[in-house]
Amino acid sequence: MPNWQVNASLQVVSDSAPTPLEAQAALAEANSQAVRVHRTDHQLGWIVLGIAALYLAVGALMSTLPDPRRAGPVVGPALLAVMVVGLVGLVLAFLRVRAYSRTGILLYFGGVAVFNVWNAIVVGVSIGTRWWAASQPSYHFGISAAVGTIPLVVGAWLIWRR
Amino acid sequence: MSHPRHALDELLGHPVRFSITALLAAASKVEFSFVRDHVEVTDSMLSKQVSMLEQAGYVKVDKGFVGKRGRTWLSLTREGRRTFERHLGALREIAQGDGVGAAARPS
């Protein structure tokens, strides 16, 4: 085939463009891939909720103490077990994450950071107002723990609603 | 007025490379096996396409280890993200019928 014919054929091929239908199909494909990534972000939401559950479990165990100054023979090991199992579980869950979006990871770390600040305030106020004191009932620990986890629950909700 | 097809990226015209880029565009980082499972290609096919995208400067490949297991993470570079956005914009224009896509196709 003469060169001009080859060049002309190549020109025609390279000038081709997708039809509107093909373009719509490509856009739908891009959208479905984005949805898949957003769905995997839900794992981050579960991890955030796992941290909240761990903290609440510790608060619930503390609430069962007859004397807040002493952990006792059962509650002490139980607290340790909850912490170890919870932390190992969270690490394993984190290792299973295979994809995450920028917004998802920002909400995750944002939720954990806000939780740390908020929880420090809750603990500070609980001690300062003597809500946590030897003379107070143990369930006060549980209530403070529940209030402390609010940013984590909100963080998980924000990750899931996307 | 120029036809939107001129804004299409030749490398992203390939369906597998387009799907890989679309997945990476929605993410910050994605593990190799996740891309393989969702784009539904073999390891070798994915490696080949990722190398092409990496050579073009669209994709960044990070290798790491979790214990003894190797993990490869893929992400779009700024250039890759920009190119993909431009490509998507052109596709949107064509899909809306702003272009004369069908007329430009060889019969």
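First the proteins, then the strands, lettered A, B, ... as listed; each starts at 1.
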Using a heavy-atom cutoff of under 4.5 Å, enumerate the residues of residues 42-54 of chain A that contact chain B, numbered in order, or state 'none'.
none
Which atoms of Leu23(B) are under 4.5 Å from chain A, going by heavy atoms: the side chain, the backbone, both sets, or neither?
both
Please report the closest heavy-atom contact between Ala95(B) and Gln24(A), naming both atoms and the distance.
O-NE2, 3.2 Å
Suppose the criterion is salt bridge (Lys or Arg N to Asp or Glu O under 4.0 Å): which pairs have a residue in residues 26-38 of chain B, not counting sequence neighbours?
Arg98(A)-Asp37(B), Lys29(B)-Asp62(B), Glu31(B)-Arg71(B), Arg36(B)-Asp43(B)
Heavy-atom side-chain proximity of Thr21(B) to Gln33(A) below 4.5 angstrom
no
Grouping I, L, V, M, F, W and Y whenever their side-chain heavy atoms are under 4.5 Å apart, do Phe109(A) and Phe115(A) come out in a common cluster?
yes
Mind checking whether Tyr55(A) and Leu87(A) sit in one hydrophobic cluster, side chains of I, L, V, M, F, W, Y counted as touching below 4.5 Å?
yes
To check you understand the geometry: which heavy-atom pair defines the closest contact between Ser19(B) and Glu29(A), and what is its length?
OG-OE2, 2.5 Å
Look at atom CH2 of Trp118(A) and say whether more than 12 heavy atoms of other residues, nucleotides or ligands are closer to it than 6.0 Å.
no
Any idea which heavy atoms bring Phe34(B) and Thr40(A) closest together, and the distance?
CE1-CG2, 3.1 Å
Between Leu88(B) and Ala30(A) the two heavy atoms that sit nearest each other are CD2-CB, 4.1 Å
Cluster link Ile121(A) to Phe141(A), ILVMFWY, side chain under 4.5 Å:
no
Tell me, out of Ala25(A), Gly104(A), Ala99(A), who's got the most heavy-atom pairs with chain B below 4.5 Å.
Ala99(A)
Proximal component of Ser33(B), with respect to chain A [non-hydrogen, under 4.5 Å]:
both
For Arg81(B), which residues count as a side-chain hydrogen bond (donor to acceptor under 3.5 Å, both in side chains) partner, sequence neighbours excluded?
none
Do Ile150(A) and Trp157(A) share a hydrophobic cluster (ILVMFWY, side-chain heavy atoms under 4.5 Å, transitive)?
yes
Nearest heavy atoms of Ala26(B) and Val37(A), plus distance in Å
O-CG1, 3.5 Å
Proximal component of Phe32(B), with respect to chain A [non-hydrogen, under 4.5 Å]
neither
Counting heavy-atom pairs under 4.5 Å with chain B, which one of Ile105(A), Val35(A), Leu21(A), Leu95(A) comes out on top?
Leu95(A)
Just checking heavy atoms, which of residues 44-58 of chain B are less than 4.5 Å from chain A?
none
Identify whether Tyr139(A) and Val82(A) are in the same connected component of the hydrophobic contact network (ILVMFWY, side-chain heavy atoms under 4.5 Å).
yes
